[in-house]
Amino acid sequence: MPRILPFPRTTSTVSRLTTAAALTLAAAIATGGSVAAQGMPPSARSTFIGVADSVQLEVVDWGGEGPTLILLAGMGHSAHVFDGFVPRLTPHLHVIGITRRGVGASSRPKHGYDSTTLVRDLIAVLDSLRLAKASFAGHSFAGSEMSILAARFPERVDRLIYFDSAFDYRQLLDRIGVATALGSPQPPEGTYNRNTVADWTLYAERSSGAGFPESEVRAMFRFGADGIFQASATAPETLRAMLDGIEPAPLTKIRARTLAIYAAPTSAEVMYPSWYAFDDSARQRGQTVYAAVSAEHALQRARFKREVVGSRQVIIMGARHYLFLTHPGEVAHEVLSFMLSN
């Protein structure tokens with residue numbers, strides 16, 4: 001179960017809706033056409049692909065040569081969360097990212113946030129790109145989509161790579177529940193905070209240990225002309241619908257070659273970057289969450305290894321949930337080794 005990434009206190013009401021499997025509550029700046037977002041690699045371009053009536057998804061193509069790898073972000077994140085990580089892969093792979101509906105620059109319909117619909121969206125993108133099949137790498141919440149995709153449409157999937165996401169999130173949520181996640185302590189807010197892009201990025205890094213690309217921060221929130229945070233455009237109802245719509249992972253039906261990379265913080269102190277700044281009450285809450293998370297993750301890892309025949313597991317001890325940001329070299333090495341192996 002991942003850490004919760006909070007918002008500055010001005011958005012604390014919204015942030016309370018994030019949950020244990022929830023990855024990050026986010027928002028969007030709506031755009032149209034083909035765009036090059038600020039902070040994206042120079043070669044990257046975003047286009048929009050229709051997947052249903054009045055629903056378009058942002059698809060980021062970072063270029064590169066070699067087998068096609070499609071990246072799927074965690075809940076609330078856009079594909080731009082990978083902007084800083086992808087250049088490690090493009091010398092060997094053609095890398096594409098998909099921003100799911102309800103997030104970032106993708107359309108935000110009122111309905112269609114269940115696992116079945118989200119997977120159908122992925123198939124529609126493959127069809128539009130004329131890809132008979134592709135490999136997928138997904139972070140956190142995206143693990144549910146990948147497992148269902150591979151089980152129901154095995155002919156469209158080559159290989160699967162799970163970034164701290166090889167879990168049955170339906171089971172995980174039902175067993176641990178929302179209350180555990182809501183007990184997670186957050187770092188004290190700085191008196192300097194003005195809710196700028198830089199302030200938000202720093203706060204996120206203090207909470208999760210990960211520094212997001214500027215392009216992702218700008219995709220997650222609306223900022224005014226003065227550069228000050230205005231709103232988080234992903235509706236709370238959308239995130240709630242995504243969580244309620246998670247279906248059980250059909251792990252025994254996955255036949256694709258599979259690599260599961262896990263983050264395994266070795267203590268509550270490692271799990272929380274701002275542990276040094278916590279008071280006694282916050283540390284007690286942190287220990288409670290860490291104990292519950294660690295125990296459930298161990299069970300989930302064992303189940304995945306048992307039920308996904310032939311899957312390979314890599315556990316990065318001491319890593320945090322955004323392991324492709326906190327340990328990019330190790331993760332890129334494992335991805336390339338796996339993707340380019342026979």
Item to complete: Kindly determine whether Leu93 and Trp62 satisfy side-chain contact (heavy atoms from CB on, under 4.5 Å), including the steps that lead there.
Response: CA-CA 10 Å; Leu93 303 172; Trp62 289 282; over 6 Å; no
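- With hydrogens and angles left out, the side-chain atoms of Arg159 and Ser341 include a donor and acceptor closer than 3.5 Å.
- One N or O on the side chain of Gln186 and one on the backbone of Ser184 form a donor-acceptor pair closer than 3.5 Å.
- If you chain together hydrophobic residues whose side chains sit under 4.5 Å apart, Met146 and Ile123 fall into the same group.
- In this structure, Lys305 NZ and Leu251 CG are separated by 15.0 Å, a value rounded to the nearest 0.5 Å.
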Fill in: Working for side-chain contact (heavy atoms from CB on, under 4.5 Å), residues Leu129 and Val125
CA-CA 6 Å; Leu129 296 176; Val125 172; 3.8 Å; yes
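- Rounded to the nearest 0.5 Å, atoms OH (Tyr169) and CD (Gln300) are 8.5 Å apart.
- Judged by distance alone, the side chain of Glu216 and the main-chain N or O of Ser78 form a donor-acceptor pair under 3.5 Å.
- Between Phe212 and His80, the ring center distance fails the sub-6.0 Å criterion.
- When hydrophobic clusters are built by joining Ile, Leu, Val, Met, Phe, Trp and Tyr residues whose side-chain heavy atoms come closer than 4.5 Å, directly or via intermediates, Val331 is grouped together with Leu340.
- Linking ILVMFWY residues whenever their side-chain heavy atoms come closer than 4.5 Å, directly or via other members, places Leu336 and Phe324 in the same cluster.
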Discussion item. Assess the residue pair Gln284 and Asp279 against the criterion (side-chain contact (heavy atoms from CB on, under 4.5 Å)); give the C-alpha distance rounded to whole Å, side-chain angles, the decisive distance to 0.1 Å, and a yes or no.
Written reply: CA-CA 9 Å; Gln284 184 174 0; Asp279 59 22; over 6 Å; no
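- Not one N or O on the side chain of Thr117 forms a donor-acceptor pair closer than 3.5 Å with the backbone of Tyr113.
- A side-chain N or O of Gln171 and one of Arg303 form a donor-acceptor pair less than 3.5 Å apart.
- For Phe304 and Phe167, the distance between ring centers is not under 6.0 angstrom.
- Using a 4.5 Å heavy-atom cutoff, the side chains of Phe163 and Tyr322 are not in contact.
- Arg100 and Glu145 are joined by a salt bridge, as a carboxylate oxygen and a charged side-chain nitrogen come within less than 4.0 angstrom of each other.
- For Ser274 (side chain) and Ala277 (main-chain N/O), no donor-acceptor pair under 3.5 Å exists by modelled atom type.
- Here the closest heavy-atom approach between residue Phe338 and residue Leu160 is recorded as CE2-O, 3.6 Å.
- The main-chain N or O of Val308 is found under 3.5 Å from a side-chain atom of Ser311 such that the two form a donor-acceptor pair.
- Using modelled atom types and a 3.5 Å distance limit, the side chains of Glu307 and Thr252 yield no donor-acceptor pair.
- Shortest non-hydrogen contact noted between Ala151 and Pro250 is CB-CG, 3.4 Å.
- Within the 4.5 Å cutoff, the side chain of Tyr203 has no heavy atoms near those of the Glu205 side chain.
- Between Phe82 and Phe85, the ring planes lie tilted relative to each other; the angle falls in the 30° to 60° range.
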Fill in: Derivation and outcome, side-chain contact (heavy atoms from CB on, under 4.5 Å), residues Ile254 and Ser147
CA-CA 7 Å; Ile254 295 175; Ser147 294; 3.8 Å; yes
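- Proximity of a side-chain donor or acceptor of Thr99 to a complementary backbone N or O of Ala79 within less than 3.5 Å is detected.
- Counting only heavy atoms from C-beta outward, the side chains of Glu334 and Ile316 never approach each other to under 4.5 Å.
- By the 6.0 Å contact criterion, CG on Asp244 is enclosed, its count of non-hydrogen atoms from other residues, nucleotides or ligands being greater than 12.
- Leu149 CG to Ser115 OG: the interatomic distance, rounded to the nearest 0.5 Å, is 11.5 Å.
- For the atom pair CG (Leu69) and CG (Leu71), the distance works out to 5.0 Å, reported to the nearest 0.5 Å.
- Both Phe136 and Ile49 belong to a common hydrophobic cluster when Ile, Leu, Val, Met, Phe, Trp and Tyr are linked at side-chain heavy-atom distances under 4.5 angstrom.
- Among all heavy-atom pairs drawn from Ala150 and Val157, the shortest one is CA-CG2, 4.0 Å.
- Between Glu237 and Lys110 no salt bridge is recorded (no basic side-chain N to carboxylate O distance below 4.0 Å).
- To the nearest 0.5 Å, atom CG of residue Leu57 and atom OG of residue Ser106 are 4.5 Å apart.
- A donor-acceptor pair under 3.5 Å is formed between the side chain of Thr201 and the backbone N or O of Val197.
- What you find for Val55 and Pro109 is that their closest heavy atoms are CG2-CG, 3.9 Å.
- Between Leu72 and Leu122 there is a side-chain heavy-atom pair separated by less than 4.5 Å.
- One N or O on the side chain of Arg320 and one on the backbone of Val270 form a donor-acceptor pair closer than 3.5 Å.
- Here the CD1-CG distance, from Ile176 to Leu173, works out to 8.5 Å after rounding to the nearest 0.5 Å.
- Heavy atoms from other residues, nucleotides or ligands lying under 6.0 Å from NZ of Lys133 number more than 12.
- Gly112 and Arg101 get closest at one heavy-atom pair: O-CD, 3.1 Å.
- Between Asp61 and His94 the shortest side-chain heavy-atom distance falls below 4.5 Å.
- Checked by atom type, the side-chain pair Thr116/Arg120 shows no donor-acceptor distance below 3.5 Å.
- Met271 is listed as a side-chain neighbour of Val289, based on a closest heavy-atom distance under 4.5 Å.
- For His321 and Ser140, the side-chain atoms include at least one donor-acceptor pair closer than 3.5 Å.
- No side-chain N or O of Tyr272 forms a donor-acceptor pair with one of Ser207 less than 3.5 Å apart.
- The closest side-chain heavy-atom distance from Leu243 to Ile246 is below 4.5 Å.
- A donor-acceptor pair is defined here as one N or O able to donate and one able to accept, closer than 3.5 Å; such a pair exists between the side chain of Arg156 and the backbone of Leu131.
- The main-chain N or O of Ser267 is found under 3.5 Å from a side-chain atom of Tyr290 such that the two form a donor-acceptor pair.
- Cation-pi geometry between Arg222 and Phe229 is not met: the NZ or CZ atom fails to fall both under 6.0 Å from the ring centre and inside 45° of the normal.
- A salt bridge does not link Glu247 with Arg170: every distance from a Lys NZ or Arg NE/NH1/NH2 to an Asp or Glu carboxylate oxygen is 4.0 Å or more.
- Geometrically, Arg301 engages Tyr262 in a cation-pi contact, judged by NZ or CZ lying under 6.0 Å from the ring centre and within 45° of the ring axis.
- Remark: the Trp200 side chain and the Asn193 side chain contain no N/O donor-acceptor pair separated by less than 3.5 Å.
- Contact check on Asp226 versus Arg194 returns no salt bridge, with no Lys/Arg side-chain nitrogen under 4.0 Å from an Asp/Glu carboxylate oxygen.
- Just one residue in the list Val314, Ile261, Thr258 forms a side-chain contact (heavy atoms from CB on, under 4.5 Å) with Tyr162, and that residue is Thr258.
- In this structure, Val59 and Ser46 have side chains that are not in contact, with every pair of non-hydrogen atoms separated by 4.5 Å or more.
- When all heavy atoms are compared, the tightest approach of His327 to Gly318 is CE1-O, 4.3 Å.
- Heavy atoms of other residues, nucleotides or ligands lying less than 6.0 angstrom from CD of Gln230 number more than 12.
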